[in-house]
Each structure stands twice: as structure tokens, then as C-alpha cells.
Amino acid sequence: MPTRQPMRIRPRRTAGDLFAGLGALVVLAALLGGVPYALLRLAGPPLPPELLDIDLLSSPVGTGTIVAILVLLVWLAWLQLTVCVIVEIYAGLRRVGMPARVPLSGGTQVLANRLVSAVLVLFTMSAVVVPIAKAGGTPAAGPAVASVALSAPVAEERAPLVPVEKAKKVYVVQPPHGRHHESLWEIAEKCLGDGRRYPEIYRLNQHKEQPDGSRLHMADLIRPGWVLDMPADARNIHLVPAAQPRDATLKEHPGKPAELDGRTRTFTPGRADLPTESRPEVSRPSDTSVVPGDGRTDPAETRRAPSDTSRRSPQETATGRESHAADDSGRTGRQTSEGGTGRDPSVAADPGGRAGQAGQDSGLEMLDYLAVASLAAAGLLAALGRRRRRQLWYRAFGHRIARPRGDAAQAELALRLGADAPGSRMLDIGLRLLGRSLAAQNRVPPTIYAAHLSPHTLDLWIHPPDLDAPAPWAAHDGGQVWRLPAHEGRMLDEQALAGAPAPYPGLVSLGSNGEGRVLVDLEAAHGLISLKGPQSTAALAALAVELATNRWSDRMLITLVGFGEELAVIAPDRVRCVGGLAELLPELEATAEERDPGGEVLTGRIHGRAADPIWPPHYVLSAVVPSAEEGRRLAVLARKGVRTAAGYVVAGDVPHATWNWEITEDGRATVDALGFEVAAQLLPRRHYRALIDLFRTAGRLDGEPLPDEREPVPQTPSIEVRVLGPVEITGPPPMEEGRAVLAVELVVYLATHPGGVHPVVLGGILWPRGVQSVVRDATIARVVDWLGVDSAGRPNLYADESGRLRLGPEVRTDWMLFREFVRRSHADPAVRAVLLERALNLVRGPLLNGRPRGRYSWLAADDLEYDVTAAVADAAHRLCEIRLANGEAAQAVMAARAGLLLAADDEGLWRDLLRATHLTGDPGRLRAVAEALNRRAGSHPDGGGMAPETEALIDELLPSWRMRSAPSA
């Protein structure tokens, strides 16, 4: 099908245009001629004698001098306006496109542009129209056309084209060019003249279906082939009928915007009838824009490096989850690699990074859904931590615990990036404190319909309104809202509230409004909740996951009907699954009479205990649409108008529902009774499966053999990277603090991946949400300069022949040296203990201790964390056994403690420490170790408890320990 050329619209001058032009002409004449005339008559020349006096700087400033300065400023303003008018007239008459920008004249030039544009309508319209009318004749009358059209000069006689009813401007996202992928910022820079206008494009296209069936959910995630609607003043675009489907647009315009006679049909604000020259393409970093080793970048690209927030997506700016250096935080499209490890050999053969595109889509989609579910992510990470601790209980010597791969690894990465542990803690502790305070005052707790958790406050919408909120809560909006400021929530004593019950376990996230999380209380509906829409199952899955893992609930039961059987893997103590409502209803009806109505539920909870709540709730989430009879029975169970310790969310249009939730096709959630509309929290099938795979992997107890990797260890390094404790890099000079965090992480990644990594893959690792290629390349070049050269003059950071970035041969890590000592200890039993002790002397604390929150997320999809923990624990265990066999109890204690510095959750080392301490013959020290382990296990952030083998050993070595530890427990 031939490309349809845009029609040249015959300009029409209306009466309004004439009056506007005449008015603009009068204003221009008054400003350009009247202002200087009035100034000369009333105030004199621009430089009056008062300002020419040489004694002005030393003499007192009088009224005359001040007036003279003001007159001079008015003259300068008039001169600035005159220059702007001249520039605009030149651009309009010569048709040069975008006028030149007059420095420091933003508002003045906008005024001049509007006045000149209106005046030019009076004089240029006929000059443009007459030649076209002669060449093409009078076109046939047709339907109304768009009020603004694009046109180009006509070099030869042409027949009139068929008019288009209504036009719109679109842009087709281009395929990757080498290592470069387009972003909304660059499209805005190319088509709108300012990259900071990318939110306009995002808002026009948010949630609109694209030709590949996907939708734009995040401003930094766009794909080649997408058709983007553009603002009215866009240039370098396609003009298509407004009603044309997106797939049809893509078929007609698969490439760049059409050009004619070397000129692109563009639109300049204020000159719809004047063609403009095509603006040059925005320069893109090529594959050679950064040459690691020489530290140089293209100055033009360096000037365009974004500021800290200018290129962030709206979601990221709102949540504030990541913090980067001032010019190292650009965001753009697909930069991550499959698995995030940078070890895919296909990347070396494919410099453009196309081989990893499928994996990139996977990882970024995980971020799109899992990372934004911040409260659910925090609960899931805590549950995952409990599984990992159990894996460590059964870890065999020489093995590491099984680690996730593929989608499961990307799911964990998304959870680490998105988890809002502080927010989850504040919601939990704040609600428990509220319940305890109300119980101390013998007050009936209010009903909470909804909550809003932001980085600044926790707001509760309560009924009935009450101005007497217990401190530190404060009443707002006439007592309808109780608010806990974030700074108050952070200071709450968690230990003091350890036994306080959870008063509102039914609070669950509905979604996000851009400023924070919106939660609703399932019990506050006092009846059935109907969930409708094409994505209802994904919404139910998200509700189930958060309910099953949140920390602001105590003992509860969640029954899933028709879906979610695998969720028992995540929370077996809370979740069960049944096939249909028919098998569940008799049980519900049999137990319904045991529940007391009304406020007694809340009152009973706040006076109860966390370990054994008086009113443990039961929530039913059904993906099965009930029959009419089942719906009626459920409605009776829900006891409309009366609070029960239960909640019922049922898919489908249920006649007896109290609340109606609707999840629209574009992912919006609305609750009719509450008036909320938010971006829904969803868990689509693929992400659901990734979570299940993640937890199934964490449930494996067989483990994986530790790899035996050998690499040359430089004896006299020029740079040393220490990761077995706080991150330290010795050798290069200090770097400014704002850029050091990212530079250090880059060096750490390359140092622990000696096989090298392609720059595109590295961009996805360091900026999992995407990065502008110019920022990535500038960061790499900065690190090249920072690391310098080694003793032989070779760069310590360079790119090999395949394009992979590598560190030089004189860069050494303590992890590299640790493995070398351990390897040599296997070969020489005579010095085994000495070599193992040298290896453990390198350990200074937990791996990468003190790393900034939100950084090093790549560890979730990498072997490093798993390998280091297992190897250090094994080395400490082996040395402890050698010392114990030689009767060296004190040295055995030191060996076990050295391993626990890094592998504190490995209870095998705790057992070694118990045995070694027992051998010292000091029962007081043994009791101190047992009590320390008991306290650590009981207060562990991922859940309490010790391995059965550990408890049995303590019973054997110290039979009376339970009596001493029971009161504190």
C-alpha cells in the first residue's frame, strides 16, 4: 500500500484572524515605536547624565540616580523585545522553522512570537495560497479537516489530494540502533524540542493498547514498534487519520517519519501554514562514543547529561525508591539483560544487545508489577528470608543453597527494589500502638474504611469521626482522618509492642494513587465485596499474596476458591484452597454462629494477645462466580451492616454485594462506596508463576555444589577491591561523594565478574529501571579516569575485542585472595590451618556491608552472595574442626566467630561455636553464647526459631538453658 502523503490544506482567513492581526499590529507599533517615543519625551535618553558621572560609585545614592537606573532597565527591556520581534519576523518570512532563541528572553520571546504570528496572517496568507491554487486548481469540497495542518513547499504542479477528515500526530518508536534504544526523553527532545516534556507523551499514551498487545505502564518502558500519540506541536512525526487503528498506522509507517524533498513535514507553534526545515536528528551515542581506556566522551553528549530528577519516570520520582548521583540517574528503555548477570555469551557476539531482549522484557515486566507492590514485596521478602534460613539449616559442607534463576531471579530482584520495609513496619507498629492505646482508655476502636500510606504520613479514614486521637496519632478533617507522621512512626519502640495484637488485619492494598499506597479493610464492608473486570483474577492473586505475608496481621485463615493452590508454598500456615463455593459454604455456615457481632470484634482484639488472638479472621477470595443461591448464602454469612471477623471478595457481579470493585482493562481500580480510583495492584499469571518458582527454589534443601573457579591472583596489585565486609577500594584517589556510590558499585561488579560484561548489560545491572546511554557511557568513562593505569601503563578498566568491559590484571579482590588461600589449603595439609586462618583474616563483616539501600540489587540474580556465604562458613568450619582436634579451644572459638562475621545465619557455625566454647570449660561463656543465639533467633527480621539440631545441641551441652531463657522469651 503506498504511503499516503499529507494533504495541503487550503488556508482560510476568518474575520477573527483579521481582527487579531490588526490588534497585534497596533500592539507591536505601540511597543516598538510608542515606548521609545514616550521614554525620550518623559525620561530622556537611555544613559542620562546621572549615570555618566565618574563619582557615582563613591557618592551617596539619591532619588535621581535610582530613577535613572529604572529608566535604563526599561530601555533594556524594550531593546530585548525589539530583538525578539526581529528574530521572529525573520523566521516567519524566511521560513527557517524554529526561530533562534534569544538568551534570557523566554517570556518576552513568547509574546513576540504570538504578536508576529498574528500579524503575518495578514500579509503572508495570500502569498502562500495563490501559487498553490493556480497549480492545483480549486479542490473539491470535502469534509471538515483538522484546524492545524502540515505543509511543504511544492516544487512542481500536482493534482489535489483526497482530504482527510481528521488528523492526529503519531510517532513510531524506532528499532534499536546498535547499543541504543529510544526513550521518551529522546523522543520528546527530537519531536518537542525539550526532553523534559516527556511526561506529556506519557500521559497521552498511558494504558493505551499498542500493536503488540502490551500497554505503557511506566514512562521508562517503551518498545520498538509502539505507536505513540503526540502533542499538537510535535515535529518529525507522522500525520494519520484520527480514527486509524494503531496496527494500521504501523503497517503504513514502519520506519522514520516520511520526508519530502529533503524536508520533514513539521509544525512550528504559531505558524501552522509555514513549512520548516527538518531539525537534525538528536545525536545518539554510537558503539564508539566511549572508549574505555582513554576516558573521553563526546562533549556534546556530556552536556546533555540529565540532572538528578529531570529524566526520572513519574513513578520513580513519586516513590523515591532510588537515589543516584546528580548526573548519573537518567532513565530510559530496555537496558537490562537476561538474568541480570552479564554472563550471556551471546552478548559478545551481538553488540547491539538484541540477544537479551526477551530477558529484558521479562525483568522489566517484573519491575512493572512486583516492584510497585511495595507492601506485598516487603512481606514476601520476609517470608523468603525464613525459607532461606531453613535452607541454611540443612546446607551440606561444600554446597551452597539453591538459588533462583530466570523469571524467579527477576522476581526477587523486583521485590528487593520495591520492598517498602519501613512503610510496612510503620503500618504494623502504628496500628498495634493505636489498639493498645485505645484499650488502655477502654475505648471502642473506630471502623477503618481505608488507609493511605505515603513516605510522609499514615492516614486512616475512620467512622464515626472522632477528634480525640490517641498520641502520637492526630485528628484531621474534623476527626474523619487519624494521622501518624512518618517521623513519629520511625521512633516507635517495636520491642515494647511485641505482644500487642493486630486490631485491623483485613487492611490490604488496593493500589497506588501516585503519592502512596491506598488500603481498604475487607471487614469494614460489612458484607460481600464484588470484584468485576477482565483482570479480576490478577487482582485477587495480589490480595491473597499480601494478606498471606503482611506483618500487621496475627493468626488468620485465607481460603482461596478456584485459584491459588500454589500459594500454600508461600504461607502454608495461612492459605488453603478449595475447588468451589459449594464445598466451602457448609463449613462457613456451621461456624458463623460462633462469631459475635459489631464492635465486640475490634474491642476483643485490642484486649487480646498477638500469639492467640480472640478474633482470628477468615477471608474468602473467590475467583469462581457464585450462583444466585450461593450468592444469597454468602450475603447472609457476611451479615450486612454488622462487623464480623471475616471478609468475602467474590469475582463477578453479585446482586447482594455491599461494595463493588471494578478493575478496568487498563489497570485502574475503583470502589463505588468509597469513591476511590487508583492504579490497581495486580499479579498477572506470569509474575504469579515467577513468585511460586522463587519460593519453591527456596524450599529446596539439597543445595548446589560450590563451583571450583581458579583465576590468577596478582601479587602486587595496583588496585584492591574489598567486599568481605564494608566495601573498600584502595589505590585510586578519592572520588567526590555524590558519584562515588555508583562508581564503586560498577567496580565491584566488574571485580567479581572477571569474564567481563558488555556496557549495555552493565547499564541494566546498575540501573535496573533503565538509563540514558549517554549517562551510562559518561559514568564508565569517569570510572576509567578514576582507576587510571597500572604499573605497566595499562588501563585498569578497558574494553576487550568483543566489547566487554574488564578490569586490568593488577586489580585484586579480597574474595579472589580468599579463594586462593582456601584452594592452597586443600593441597598442603601441613599448612592448612595457617592458610585457612589467613583467608578468614580477610573477613571484616557481612558481604558488602553498609551498601546503600536500593543499590546492588543485582545480587538477587547472581551467584556471588550464595558462593561467598557458603565458602566463608565452610572455611571457618574446617578451621574450627582442626583447632578442636588439636585441643585448641580458644583458637576454635576465634575461627567460628570469624566465620559468623559474614555468615551470621549459618547455624552450623553457631554449633561449632557452642562446641568450642564448651571445650573451654567456662559455663558462663557457654551460657552467654546460647542466650545470644536464642535472642538472635527470636528477634530475627525474617522470623524466629532455631534449627532442631541446634536446640538439641544446647540441651546436651547446657541442660538448664531453657529455664534461664524462658522468662525473656
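Just so you know, these numbers use all the heavy atoms, side chains as well, and skip hydrogens, waters and symmetry mates. These numbers were taken from a predicted model, which means no experiment stands behind them.
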Candidates T752, V744, I729 - the one meeting side chain to side chain contact (heavy atoms under 4.5 Å, CB included) with V721: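 One option only clears the test, and that one is I729.
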
Less than 4.0 Å between a side-chain N and a carboxylate O, is that true for R911 and E956?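 Judged by the 4.0 Å cut-off on N to carboxylate O distance, E956 and R911 do not form a salt bridge.
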
Do [X] and [Y] have side-chain atoms, one donor and one acceptor, less than 3.5 Å apart?
| X | Y | answer |
| --- | --- | --- |
| E810 | S791 | yes |
| S802 | D800 | yes |
| Y866 | R388 | yes |
| T730 | E720 | no |
| T917 | R925 | no |

Taking all atoms of both residues into account, what is the closest heavy-atom pair of I570 and A383, and its distance?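 In terms of heavy atoms, the two residues are closest at O-CB, 4.4 Å.
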
Nearest atoms (heavy-atom pairs only) where R878 meets L836: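 Taking R878 first and L836 second, the nearest heavy atoms are CG-CD1, 3.6 Å.
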
Testing R819, R403, R400 for side-chain hydrogen bond (donor to acceptor under 3.5 Å, both in side chains) with D867, which one passes?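 Running side-chain hydrogen bond (donor to acceptor under 3.5 Å, both in side chains) over R819, R403, R400 with D867 returns exactly one hit, R400.
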
Where do D862 and H753 land on the side-chain hydrogen bond (donor to acceptor under 3.5 Å, both in side chains) test, with the steps shown first? CA-CA 10 Å; D862 197 272; H753 296 78; 2.5 Å; yes

Check whether D955 reaches the backbone of P959 with its side chain - one donor and one acceptor, N or O, closer than 3.5 Å.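 Side chain of D955 to backbone of P959: no pair is present.
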
